[in-house]
2 protein chains.
Amino acid sequence: MMPKHAKEMGILKEHLGKHQLKFTRQRELILDAFLKQEHITAEAMYHQLARKDPHLGLATIYRTLNLFCEAGLAQARHFGTQTQYDNISHKGHHDHLICTGCGKIVEFENCDIERLQEEVASQNGFTIQTHRLELYGLCSRCRH
Amino acid sequence: MMPKHAKEMGILKEHLGKHQLKFTRQRELILDAFLKQEHITAEAMYHQLARKDPHLGLATIYRTLNLFCEAGLAQARHFGTQTQYDNISHKGHHDHLICTGCGKIVEFENCDIERLQEEVASQNGFTIQTHRLELYGLCSRCRH
DNA sequence: TTGAAATTGATAAACTGTATCAAAAAGGAT
DNA sequence: ATCCTTTTTGATACAGTTTATCAATTTCAA
């Protein structure tokens with residue numbers, strides 16, 4: 001049977017090999033947990049993994065998630081006061097309309113905007129990995 | 001002669017009135033300094049205002065900038081390890097291209113994207129007050 | 001002018017993430 | 001399997017940013 005997350009495990013091992021780093025039980029455990037979610041914080045993962053390995057340290061989680069970023073498996077984003085580590089292999093990206101009156105959030109997707117984003121990026125020599133678009137305003141109910 | 005920032009001062013006073021808050025010398029001073037810039041951190045403003053009022057406390061700056069956010073005059077954006085307070089009355093809103101490799105930030109503006117955002121918003125019955133667009137990727141140097 | 005309520009400044013505390021370092025583990029050579 | 005060098009780990013100290021605390025001060029309506 002095919003092991004879970006074989007592709008990502010391969011990417012990680014290749015990165016480790018190229019940089020004289022070692023494959024450890026902790027890195028395997030954290031990768032496995034990481035790939036099951038769209039995004040997670042170090043703190044959340046710490047508590048989540050505490051049951052499987054009570055001695056796994058928080059510093060190790062941070063170090064490993066940062067390692068995943070370097071390997072191209074994850075991406076760090078500052079959200080609120082914490083850092084979210086996004087699972088890059090997860091594709092379905094959506095943007096948000098947020099009502100500043102009542103807090104209502106509407107998700108949307110717009111291909112034209114995405115295309116223009118690519119355009120802007122390439123004009124500046126960038127290759128986009130992901131993006132974040134939030135529109136803040138008043139919904140029809142709160143406008144009155 | 002028209003006082004500087006009369007409109008924003010009015011918005012602030014209205015907010016204060018609605019919430020039983022008071023108009024103070026410090027709030028006026030901080031608003032005045034805030035409106036002169038596109039975005040600033042609390043720490044930067046603290047140093048900037050130290051000459052005008054050496055006894056102005058850092059906590060007051062934080063409290064006041066957060067108050068501006070609640071009044072709709074500012075918007076907090078977490079950038080790296082610090083919080084940037086954006087002046088949303090500033091029309092030339094700029095978005096950011098952020099390199100996940102080296103952290104380089106390129107500012108840009110794109111009218112077509114803004115127009116499409118308006119379109120999406122109105123389709124959903126929203127009136128946009130402000131927005132946030134961040135594109136994450138690799139700059140030309142980091143791609144190699 | 002008075003007095004209740006809000007604000008301020010100074011600083012302690014909380015929070016997130018990184019640095020340190022002795023002990024343990026990995027993995028190639030033997 | 002054993003040895004040996006290098007890397008990693010876990011525990012915790014530390015650094016940087018933001019918030020909480022609280023006595024003294026200021027605001028503003030009566």
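Quick note on labels: first sequence line is chain A, next is B, and so on, each numbered from 1.
- With rounding to whole Å, Leu56(A) atom CG is found 17 Å from dA24(C) atom P.
- One cannot find a donor-acceptor pair under 3.5 Å joining the base of dA6(C) and the side-chain atoms of Lys22(B).
- Of the candidate nucleotides dT18(C), dT16(C), dT7(C), dT7(C) has the atom nearest to the side chain of Leu21(B).
- Both Thr24(B) and Gln26(A) lie close to DNA chain C; mapped to their nearest nucleotides by heavy-atom distance, the more 5′-ward contact belongs to Thr24(B).
- In this structure, the NE2 atom of His55(A) is 16 Å from the C1' atom of dA25(C), given to the nearest Å.
- Paired with Leu135(A) under the rule side-chain contact (heavy atoms from CB on, under 4.5 Å), one option of Leu133(B), Thr130(B), Ile128(B) passes, and it is Ile128(B).
- Counting all heavy atoms, side chain and backbone alike, Ala76(B) lies closest to Tyr85(B) at CB-CE2, 4.2 Å.
- Residues Thr64(A) and Leu58(A) each lie close to DNA chain D; by heavy-atom proximity, the contact nearer the 5' end of the strand is made by Thr64(A).
- Heavy atoms of Gln20(A) sit under 4.0 angstrom from primed sugar atoms or phosphate atoms, though from no base atom.
- Using a 4.0 Å cut-off, no side-chain N or O of His78(B) falls inside it from OP1 or OP2 of dT16(C).
- In this entry the distance linking CZ of Arg25(B) with C1' of dA6(C) reads 16 Å, nearest Å.
- Residue Thr83(A) is in sugar-phosphate contact alone, with no base atom involved, counting any heavy-atom pair closer than 4.0 Å across all strands shown.
- When the C1' atom of dG17(C) is taken as reference, atom CD1 of Ile40(A) falls 16 Å away, rounded to whole Å.
- Phe23(A) is listed as a side-chain neighbour of Lys13(A), based on a closest heavy-atom distance under 4.5 Å.
- Closest approach to the Arg63(B) side chain among dG27(C), dA4(C), dT8(C) is made by dT8(C) (side chain taken as heavy atoms from C-beta onward).
- Hydrophobic cluster membership differs between Ile88(A) and Met9(A), with clusters built from Ile, Leu, Val, Met, Phe, Trp and Tyr side chains linked at under 4.5 angstrom.
- When each of Tyr62(B) and Pro54(A) is assigned the nucleotide of DNA chain D bearing its nearest heavy atom, the one mapping closer to the 5' terminus is Pro54(A).
- The side chain of Asn66(A) contributes an N or O atom lying less than 4.0 Å from OP1 or OP2 of dT18(C).
- Atom CG in Leu12(A) sits about 14 Å away from atom C1' in dA26(C), given to the nearest Å.
- Residue Thr81(A) has its side chain nearest to dT16(C) when only dT16(C), dT11(C), dA19(C) are considered.
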What's the verdict on salt bridge (charged side-chain N to carboxylate O under 4.0 Å, His left out) for Arg132(B) and Asp86(B), showing C-alpha distance, side-chain angles and the deciding distance?
-> CA-CA 10 Å; Arg132(B) 168 184 300 170; Asp86(B) 292 4; over 6 Å; no
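- One interatomic measurement links the two molecules: CG of Leu67(B) to P of dT7(C), which rounds to 8 Å at whole-angstrom precision.
- Side chain to side chain, Gln84(A) and His39(A) meet the donor-acceptor criterion of an N or O pair below 3.5 Å.
- At whole-Å resolution of the value, CD in Glu28(A) and P in dG27(C) are 11 Å apart.
- Here chain B contacts DNA chain D (any atom closer than 4.0 Å to a heavy atom, that is under 4.0 Å), and the contacts span dT17(D) to dC28(D) from 5' to 3'.
- In this structure, Lys13(A) atom NZ and dA26(C) atom P are separated by 13 Å, rounded to whole Å.
- Checking Tyr46(B) against Gln48(B) by side-chain atom types alone, no donor-acceptor pair falls below 3.5 Å.
- For Lys22(A) against Leu16(A), the heavy-atom pair with the smallest separation is O-CD1, 3.8 Å.
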